[in-house]
Amino acid sequence: MDGAQAPQIAPVLILLGPPGAGKGTQARMLQDTHGMVQLSTGDLLRAAVAAGTPAGQKAKAVMEAGDLVSDDIVIAILRDRLSEPDTSAGVILDGFPRTKVQAEALDALLEDTGQRINAAVSLEVDDTAMVERISGRFTCGSCGEGYHDSFKPTAKPGVCDKCGAKEMKRRADDNAETVAQRLDAYHMQTAPLIAYYHETGALVRVPAMGPINEIAASLNTIANVLKS
Ligand code: AP5
């Protein structure tokens, strides 16, 4: 093995947090800065719904009600996406896992590829602020960049700062009633994963009530450690 380098194992970073915690916002920033790929099960499911696939047809009503889609469907979607070649640069899991069954399935998937979870970041926020964050959210219909009416407006009204497109979208599940149900689902089914990752030693708690760039600075430090 003189001078030979061990093959680089792609890092895996999980972002945990309730709806509106900033998982998508921070995952996109990490992707742009560090070249790791954002894998959002919410985005993958919305694409399946839009394409009318069998999984999408089953997921549609569940997502509109603010409940969690079944583990089988989500694990299958994630497994397929993880097998694509761009994930070899490392992945940021945004919104997955969300149940203990999903966490155990992820452990098994990573064991097969010789990878491990390098960090499970819990974005720590107050529920009360999440409705305001979610109700002001909109995204670019072309590149998917995320914005907020008050906290992250576009520089020019109605025009994406990133790609210049003029088509902005709001999500069907971003209404007060569904957000309340999504928060309940988070506390009942996903918050227990904080203890799960505390036990495995992967948990990192990041206060996430401050400005977007302040939280991004904390996550950059974590990503730099993963890559070193
Ligand atoms: P998903 O798409 O994952 O939605 P979510 O978890 O509810 O999270 P959000 O996308 O609402 O919030 P976020 O944390 O990404 O916040 P964002 O960065 O956008 O899931 C949707 C549905 O799909 C689920 O309800 C479920 O049905 C299904 N699903 C998905 N994954 C599943 C799984 N694994 N298992 C089962 N079902 C699954 O920020 C929100 C807004 O706040 C933005 O406007 C942003 O600009 C702004 N903002 C962000 N950070 C800050 C800050 N620090 N200060 C001020 N504003 C901020």
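Start at 1 with the first residue, then count along the sequence. Just so you know, ligand 1 is whichever comes first in the structure, and atom 1 is the first atom listed for that ligand.
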Under a 4.0 Å heavy-atom limit, does [X] contact ligand 1 with its side chain, its backbone, both, or neither?
X	answer
R171	side chain
V69	both
A185	neither
R46	side chain
F138	neither

Does any N or O in the side chain of [X] come within less than 3.5 Å of the main-chain N or O of [Y], such that one atom is a donor and the other an acceptor?
X	Y	answer
N118	L13	no
T41	G95	yes
T190	R98	yes
T87	S83	no

Which protein non-hydrogen atom lies closest to [atom], naming both residue and atom, and how far is it?
atom	value
atom 53 (N) of ligand 1	G210 O, 2.9 Å
atom 7 (O) of ligand 1	R182 NH2, 2.8 Å
atom 15 (O) of ligand 1	G24 N, 2.9 Å
atom 39 (O) of ligand 1	T25 OG1, 3.6 Å
atom 16 (O) of ligand 1	G22 N, 3.3 Å
atom 42 (O) of ligand 1	R133 CB, 3.5 Å
atom 9 (P) of ligand 1	R137 NH1, 3.2 Å
atom 51 (C) of ligand 1	I212 CG1, 3.4 Å

Provide the number and element of each atom of ligand 1 under 4.0 Å from a heavy atom of [X].
X	result
F151	55 (C), 56 (N)
F96	34 (N)
K23	5 (P), 6 (O), 8 (O), 12 (O), 13 (P), 14 (O), 15 (O), 16 (O), 18 (O)
Q102	33 (C), 34 (N), 35 (N), 36 (C)
Y147	43 (C), 44 (O), 46 (O)
I215	53 (N)
P18	14 (O)

Return the option from [options] holding the heavy atom at the smallest distance from [atom].
atom	options	result
atom 22 (C) of ligand 1	M63, R28, E145, M29	M63
atom 5 (P) of ligand 1	K60, R170, R98, Q181	R98
atom 27 (O) of ligand 1	D67, I134, V62	D67

Taking the basic N atoms (NZ, or NE/NH1/NH2) and the acidic carboxylate oxygens, is any pair closer than 4.0 Å for [X] and [Y]?
X	Y	result
D94	K23	no
K162	D32	yes
E177	R182	no
D149	R170	yes
D174	K169	no

Legend entry - Side-chain donor-acceptor pair present, S40, Q38, cut-off under 3.5 Å: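 The answer is no; no qualifying pair exists.
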
Legend entry - Pair N175, T178: side-chain N/O donor-acceptor within cut-off below 3.5 Å: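 There is such a pair (donor and acceptor under 3.5 Å, judged by atom type) between the side chains of N175 and T178.
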
Legend entry - Residues, nucleotides or ligands: over 12 heavy atoms within 6.0 Å of E84 CD: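 Check passes, neighbour count above 12.
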
Legend entry - Proximity flag G17 to ligand 1, non-hydrogen atoms under 4.0 Å: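 Judged by the 4.0 Å heavy-atom criterion, G17 does not count as contacting ligand 1.
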
Legend entry - Close approach, A21 and ligand 1, non-hydrogen under 4.0 angstrom: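 Flag set, A21 near ligand 1.
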
Should [X] be counted as touching ligand 1, given the test is an N or O pair under 3.5 Å?
X	value
T41	yes
L68	no
G136	no

Legend entry - By ring pair (Phe, Tyr, Trp, His ring centres under 6.0 Å) - contacts of H148 (at least two apart):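 Only F151 meet the ring pair (Phe, Tyr, Trp, His ring centres under 6.0 Å) criterion with H148.
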
Legend entry - 4.5 Å side-chain heavy-atom contact, V37 and Q31: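 Sidechains of Q31 and V37: in contact.
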
Inset, instruction - Please report the closest heavy-atom contact between Y197 and A103, naming both atoms and the distance. - result: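 Y197 and A103 have their closest heavy atoms at OH-CB, 3.6 Å.
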
Legend entry - Worked check of salt bridge (charged side-chain N to carboxylate O under 4.0 Å, His left out) between K152 and D161: CA-CA 11 Å; K152 191 187 165 195; D161 295 351; over 6 Å; no

